[in-house]
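Predicted model, so just to flag it, every value in this text is computed and none were measured.
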Amino acid sequence: MYFAYDSDQEEFRSSLRRLLTERAPMARVREIAEQGAHDAATWRLLASNMGVPGLHVAERFGGGGFSFLETALVAQELGRALTPVPMVTTTGAIEAVLRLGSAAQQQELLPGLLDGRVIGTLALSGAQDTEAGAARVRAAGDPAAPALTGRLDYVAFGHVADLLVVPAASPAGDVVALYVVDPRGPGVRTTARPSLDPTRTVATVELAEAPAQLLGADRDAIGRVVDIVRTLLANEALGAAEAVLAMAVDYAKQRIQFNRPIGSFQAVKHKCADMAIAIDAAQATVMYASLCAAEDNDEFHRVAVMAKAQAAECLNLCAAQNIQIHGGIGFTWEADPHLYFRRARAIEPLFGDHAHHTELLAELVGI
């Protein structure tokens with residue numbers, strides 16, 4: 001089976017790629033990464049001019065009314081360019097509000113998230129975050145005015161977020177619900193932390209009886225939110241892997257050794273071929289997951305898990321092979337390959353590593 005984007009979607013991809021090439025080249029990505037910040041100017045442009053956070057959100061909520069495929073394309077191109085913007089985290093927060101929030105909460109919270117005025121983050125990072133027994137944040141007090149206490153590590157863009165969507169166990173400890181928290185409110189402290197991937201900054205969020213709004217505890221809806229983020233991360237990894245292959249091929253054509261381009265050596269050809277095969281395989285899975293997300297069908301959970309695992313593994317392979325092809329320069333700070341390797345290693349454990357996703361798939365198919 002072969003999947004392809006239509007001409008309008010490919011034109012949108014080309015426009016977005018040109019914009020990122022002009023406004024957020026690798027030199028700017030490095031500059032922002034070394035500051036431990038996010039590219040606020042590019043984010044404002046993407047959010048306000050192109051409406052990327054809400055492309056697939058219905059027009060009645062203020063979104064673009066497109067399909068999830070357009071949002072997937074954005075994730076691919078941002079992954080290709082390693083653009084340090086909070087697109088995936090904000091989209092996760094939007095999905096949480098859409099799927100779990102009341103009509104009043106949607107009316108209050110969505111406009112700012114959709115036009116980029118509000119940076120949101122879904123404060124989930126590990127497989128245990130949605131399990132009541134392992135939840136690291138607890139809710140207490142009046143259900144109408146809950147207060148959260150606990151600590152969350154490695155929250156992407158947590159120190160620049162204007163809105164946190166936090167998973168917390170109920171006072172009885174039997175279910176996990178999602179809550180909206182103001183990161184600048186009382187009882188909340190966010191601290192930027194060093195990140196393996198400097199293009200995606202992280203923070204520790206500490207909550208001490210922090211006031212919160214309950215979004216909801218529907219387990220299936222929370223699972224759908226997680227699967228949307230998994231699919232976006234898979235698209236991001238796929239775009240990064242494609243960029244890595246192009247980088248490796250370009251270098252192999254230019255680097256001369258023994259009076260020949262190193263791309264003429266069989267060992268280098270094999271590495272590039274392995275990368276291309278892995279990307280081709282991942283493309284089909286990631287595209288299918290994006291189509292299932294667009295339809296919100298019964299297969300979505302299984303395919304989202306598969307896509308995240310396969311795309312993350314593909315990027316790990318490609319990023320490592322790219323460093324090998326670049327030789328001694330490949331792991332130096334001045335060269336770019338290590339930035340993609342860092343992104344690969346940072347994506348892989350999110351919402352469970354490859355082993356966790358393999359176990360989930362085994363359970364889903366009854367093995």
Looking just at side-chain N and O atoms, do [X] and [Y] make a donor-acceptor pair shorter than 3.5 Å?
X      : Y      : value
Ser48  : Arg44  : no
His56  : Glu95  : yes
Gln310 : Thr285 : yes
Ser290 : Asn235 : yes
Thr42  : Arg23  : no
Glu70  : Gln9   : yes

*Please name the pair of heavy atoms, one in His159 and one in Gly36, separated by the smallest distance, quoted to 0.1 Å.*
NE2-O, 3.6 Å

*Spacing of Ile228 atom CD1 and Leu98 atom CG [to the nearest 0.5 Å]*: 10.0 Å

Below 4.0 angstrom, N of the basic side chain to O of the carboxylate: do [X] and [Y] qualify?
X      : Y      : value
Arg342 : Asp197 : no
Arg224 : Asp218 : no
Glu348 : Arg345 : no
Arg200 : Glu236 : yes
Asp162 : Arg184 : yes
Arg30  : Asp336 : yes

Is there a side-chain contact between [X] and [Y] in this structure, where contact means two heavy atoms from C-beta onward sitting under 4.5 Å apart?
X      : Y      : value
Asp174 : Ser170 : yes
Phe300 : Thr231 : yes
Ile279 : Glu242 : yes
Leu233 : Phe351 : yes

_Please determine whether residues Ile347 and Phe341 belong to a single hydrophobic cluster, defined as Ile, Leu, Val, Met, Phe, Trp and Tyr linked transitively by side-chain heavy-atom distances below 4.5 Å._
no

*Is there a path of hydrophobic side-chain contacts, each under 4.5 Å between heavy atoms of I, L, V, M, F, W or Y residues, that connects Tyr5 with Val74?*
yes

*asked:* Would you say the ring centers of Trp43 and His38 fall short of 6.0 Å from each other?
replied: no

_Walk me through whether Lys308 and Asp227 qualify under salt bridge (charged side-chain N to carboxylate O under 4.0 Å, His left out)._
CA-CA 9 Å; Lys308 165 61 172 56; Asp227 287 335; over 6 Å; no

*asked:* For Tyr251 and His326, take the angle between the two ring planes, folded into 0 to 90°, and tell me which bin it lands in: parallel under 30, tilted 30 to 60, perpendicular over 60.
replied: parallel

*Say whether, by atom type as modelled, one donor and one acceptor occur between the side chain of His338 and the main chain of Trp333 under 3.5 angstrom.*
yes

